[in-house]
Each structure stands twice: as structure tokens, then as C-alpha cells.
Amino acid sequence: METSSSSSSSSSSCMKWSCENGYQPHVLAVDDNLVDRKLVEKLLKNSSCKVTTAENGVSALEFLGLLDEHNQHTNFERSNEWQQRSKVNMIITDYCMPGMSGYELLKKIKRSSKMKEVPVVVVSSENVPTRINKCLEEGAEMFMLKPLKQSDVVKLKCQFMN
């Protein structure tokens with residue numbers, strides 16, 4: 001798991017407002033594919049976001065503090081620092097991942113009392129209408145097709161994180 005941030009500015013009025021006020025939204029990006037994960041991380045950093053990446057659903061749940069402690073052990077301490085790190089403004093997850101799909105991750109997040117209000121965006125390289133509808137019905141704010149572009153990230157930031 002990696003956390004990084006950037007303070008670059010952008011010409012978008014939404015982005016400019018965020019930078020001028022020192023507000024840096026925190027996004028958790030979940031994708032099993034390293035190239036896709038790095039691309040999303042770079043796009044988010046270019047949009048002045050703090051980014052934490054996770055390579056699978058279990059790592060994302062661990063970071064968010066949503067793992068069942070009877071079945072899984074977390075590596076994060078239950079402290080104020082841990083609570084600050086786990087506060088995210090948005091989660092972007094790939095749909096198709098081994099072990100736990102992005103859809104399963106979405107369901108766990110939306111059923112959590114402490115994370116259900118956090119916007120979740122599901123991304124996929126496959127345009128499957130039934131998959132898209134299923135995610136939106138379960139509470140995803142948006143379903144986007146890969147590869148994401150900078151304009152997609154700007155749209156997400158303006159719509160869900162300001």
C-alpha cells in the first residue's frame with residue numbers, strides 16, 4: 001500500500017479552488033494491475049489529490065478498517081493516526097480483480113456504517129450494461145470505462161470531492 005500526494009495546480013476553476021484553499025482530497029485507488037494503478041495514481045496526483053493505492057479488495061478493506069477482525073488481522077494500529085489515514089474522500093476500484101471483485105468491495109463499503117457515505121467509482125475495461133447497472137444499483141456513484149483520462153479525474157473531483 002502506498003500513499004502519496006501532490007500540490008500541482010490546474011486551470012479548472014474547481015481544481016483551482018481546491019489548491020488555493022489547501023484542500024487535498026484523499027482517494028483510495030484499488031486495482032490489481034500495477035500499470036492501471038500507477039496511471040490512476042498519476043492522474044489523481046496531477047489533480048492535486050492525496051492518493052493511497054491498494055492492489056486488491058482485502059488490502060483496501062484493511063486500510064479502511066473494515067476487515068472482520070475474527071477472520072483477518074490488520075496491520076494498522078487502532079489509533080488517531082490510523083483513523084486519519086483511513087479517512088478518504090473517494091474510492092476508485094477496478095471491477096474485475098482476483099479474490100474479491102470491485103463489486104464485492106463496493107457492497108462491503110456501502111454496508112459499512114462508517115464508510116457508506118464515501119463515493120465509490122467503479123472502473124472496468126469492459127462495457128457490460130448488466131455489470132454497470134448492478135454496480136449503480138448497489139450504490140456506486142459512477143461506472144467509468146478504462147483507461148481513465150485526466151478529464152475523467154477532473155470531473156470526478158469536481159462532482160464528488162469539493
Distance-only check: which donor-acceptor pairs under 3.5 Å involve side-chain atoms of residues 115-126, not counting sequence neighbours?
unit_1, atom_1, unit_2, atom_2, d
Ser124, OG, Glu126, N, 3.0
Ser124, OG, Glu126, O, 3.4
Ser124, OG, Arg131, NH1, 3.4
Glu126, OE1, Arg131, NH1, 2.9
Glu126, OE1, Arg131, NH2, 3.2

Mind running salt bridge (Lys or Arg N to Asp or Glu O under 4.0 Å) on Lys107 and Glu104 for me, showing each step along the way? CA-CA 5 Å; Lys107 290 195 308 185; Glu104 292 167 328; over 6 Å; no
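- Here the NZ atom belonging to Lys149 is positioned 9.5 Å from the NZ atom belonging to Lys155, to the nearest 0.5 angstrom.
- The CD1 atom of Ile92 sits 12.0 Å away from the CD atom of Glu141 when rounded to the nearest 0.5 Å.
- In this structure, CG on Leu106 lies 11.5 Å from CE on Met100, to the nearest 0.5 angstrom.
- Follow the hydrophobic side-chain contacts under 4.5 Å out from Val128 and you never reach Leu145; the two are in separate clusters.
- Scanning for side chain to side chain donor-acceptor pair (under 3.5 Å) contacts around Asp152 gives an empty result, with sequence neighbours left out.
- In terms of heavy atoms, Ala54 sits closest to Ala60 at CB-N, 3.9 Å.
- Residues Met144 and Leu156 are in side-chain contact: their nearest non-hydrogen atoms beyond the backbone lie under 4.5 Å apart.
- With rounding to the nearest 0.5 Å, the separation of SG in Cys49 from CG in Leu43 is 10.0 Å.
- Applying the salt bridge (charged side-chain N to carboxylate O under 4.0 Å, His left out) criterion to Glu138, with sequence neighbours excluded, gives Arg111.
- If you take NZ on Lys108 and CG on Leu66, they are separated by 9.5 Å, rounding to the nearest 0.5 Å.
- Residues Leu105 and Gly57 share a closest heavy-atom pair of CD1-O, 3.9 Å.
- Contact check on Glu137 versus Lys110 returns no salt bridge, with no Lys/Arg side-chain nitrogen under 4.0 Å from an Asp/Glu carboxylate oxygen.
- A heavy-atom distance below 4.5 Å is found between the side chains of Glu55 and Arg37.
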Report the C-alpha separation of Leu64 and Leu28 in whole Å, then their side-chain angles, then the decisive distance to 0.1 Å, and conclude whether the side chain to side chain contact (heavy atoms under 4.5 Å, CB included) test is met. CA-CA 9 Å; Leu64 296 169; Leu28 175 60; 3.9 Å; yes
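- The heavy-atom pair separating Val153 from Ser47 by the smallest distance is CG1-OG, 3.4 Å.
- Put simply, the side chain of Met90 does not reach to within 4.5 Å of the side chain of Pro25, judged on heavy atoms.
- Once rounded to the nearest 0.5 Å, the distance linking CG of Asp94 with CG of Asp31 reads 4.0 Å.
- Judged by distance alone, with hydrogens and angles left aside, the side-chain atoms of Asp32 form no donor-acceptor pair with the main-chain N or O of Asn56 at under 3.5 Å.
- Of the N and O atoms on the side chains of Lys134 and Tyr95, at least one donor lies less than 3.5 Å from an acceptor on the other residue.
- For Phe143 against Leu136, the heavy-atom pair with the smallest separation is N-CD2, 4.2 Å.
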